[in-house]
2 protein chains.
Amino acid sequence: MSDPTQANRRERKRLQQLDHLADTAWALFEAQGFEAVTMEAVAAAADVAKGTLYKHFPVKEALLRHRFHRELGAVWPALRDELAALAPGRARLARFLAMQARWCEQQRSYLLPYVRYRLSSAERFDARSERSGMDRIFAGLIAEGQAAGEFRSDVSAALLATHLQFAHLATLLRWLSEDGLSLADEMARMLDLVCNGIGARP
Amino acid sequence: MSDPTQANRRERKRLQQLDHLADTAWALFEAQGFEAVTMEAVAAAADVAKGTLYKHFPVKEALLRHRFHRELGAVWPALRDELAALAPGRARLARFLAMQARWCEQQRSYLLPYVRYRLSSAERFDARSERSGMDRIFAGLIAEGQAAGEFRSDVSAALLATHLQFAHLATLLRWLSEDGLSLADEMARMLDLVCNGIGARP
DNA sequence: TTGTTTTTTGTACGACGTATAATAATAATC
DNA sequence: GATTATTATTATACGTCGTACAAAAAACAA
């Protein structure tokens, strides 16, 4: 296991299996709904033992996460180019959130368990754990804005990003729980709150 | 059941039972730790069937919630008087958070499951559900600040309060997950972020 | 090939939370 | 005060989650 190319092969195979598991799970979710699909069913459909499934995806919501992460990864490069045309900082953030909102509207049925999962899992605070797609993107956009002087720099970019992300998740949760809200509007208001704060302008 | 005094008696008895259940549960938690105590054990210790316990406390964390709610209710009147001496808005909020931080430090071991529970339960967005102690207090402090012109009024007090509360929970979660942080400091910084936003001051 | 390490498997387990039919307790009606 | 209707409680069974672990299989190194 000292050979690096062997280790890479191993890792590539592992990633393939992750995709395989997440894909079969996704097919079941679409057919029967997230709640109705049990982990055993996913394992069976993927021709894998329960324990193996759990090893790679310790909770059911992690299957959603993998899928979303991959989807985001696929469109991110193009998105990134489009954002580059905008001023760093708030403008890019606003555009990103607007696009994200459209995507969320299509994933609405899977979003509630996912948002809950993200909110209650503390992994994002573990410095050693790899940041997920959204985490990294938020962090990047914040850091850019900070560098451009659009965001305050007396607080670390990581903390600002966390702050933004919680507000983001909270907005999603509210949108999911109440009817008749426009997600794009709510996201725009959220960004306004996060950037300007709740204090009255003097 | 049309007699209001009968209904009140009923309700009083129900509340007593809630307290009884939460108290016995709390005793077990202190003896064995939250995770180690099963719901069946709580039910047995309270001389009640499992189903009854679940009827009143649908998830284990709700037992913590009841306890915390009651504790807060006990000290709130005095706290409220003390806060009244301060200017409405940010000053009161800052003081309240500082006191809350001291209390949280004593409850640290129970706080992680509780914070996770609060974050992932969407009940606070259900307009029909009664707001919990902290919810109501945040909402009140925000509304006071809004009335005094310290907080912006182009956004509803409810939304501002939600924003604050998520930031609050996020800060708790971070404090619980990382070592060596001063909760009071983190709360102060959080309030600064919430009030002033992440945008650079012009 | 042989020996070693890592992964997968199968299965059992404890706890959560749900559901339900039978039973007890409480309120309302006569 | 006895009777009926309502509501709360009980006991129990159930499905699922997520964990644990020993046995088997696969991948790797020699």
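Every chain is numbered from 1, with letters handed out A, B, ... down the list of sequences. Please read all numbers here as calculations on a predicted model, not as lab measurements.
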Between [atom2] on [N] and [atom1] on [X], what's the gap in Å once rounded to a whole number?
{"X": "B/Tyr117", "N": "C/dC16", "atom1": "OH", "atom2": "C1'", "result": "14 Å"}
{"X": "A/Tyr54", "N": "C/dT9", "atom1": "OH", "atom2": "C1'", "result": "16 Å"}
{"X": "A/Leu53", "N": "C/dG10", "atom1": "CG", "atom2": "P", "result": "14 Å"}
{"X": "A/Lys60", "N": "D/dT19", "atom1": "NZ", "atom2": "P", "result": "15 Å"}
{"X": "B/Phe57", "N": "C/dT18", "atom1": "CZ", "atom2": "P", "result": "15 Å"}

Under the side chain to side chain donor-acceptor pair (under 3.5 Å) rule, collect the residues that match up with [X], sequence neighbours excluded.
{"X": "A/His20", "value": "none"}
{"X": "B/Glu35", "value": "none"}
{"X": "B/Trp103", "value": "B/Glu71"}
{"X": "A/Arg152", "value": "A/Asp154, B/Asp192"}

Could you pull out all residues at least two apart from B/Phe57 that satisfy ring-ring contact (aromatic ring centres under 6.0 Å, His included)? B/His66
Nucleic acid contacts - residues 23-43 of chain A versus DNA chain D, non-hydrogen atoms under 4.0 Å: A/Val37, A/Thr38, A/Met39
Sequence neighbours excluded - salt bridge (charged side-chain N to carboxylate O under 4.0 Å, His left out) pairs with any residue from residues 50-59 of chain B: B/Glu40-B/Lys50
Who pairs with A/Asp185 by salt bridge (Lys or Arg N to Asp or Glu O under 4.0 Å), at least two apart in sequence or on another chain? none
Give me the distances for all protein-to-nucleotides 9-13 of chain D N/O pairs that come in under 3.5 Å?
unit_1 : atom_1 : unit_2  : atom_2 : d
D/dT9  : OP1    : B/Gln17 : OE1    : 3.1
D/dT9  : OP1    : B/Gln17 : NE2    : 3.4
D/dT10 : OP2    : B/Ala49 : N      : 2.8
D/dT10 : OP2    : B/Thr52 : OG1    : 2.9

Got A/Glu150 and A/Glu144 here, is their nearest side-chain heavy-atom distance under 4.5 Å? no
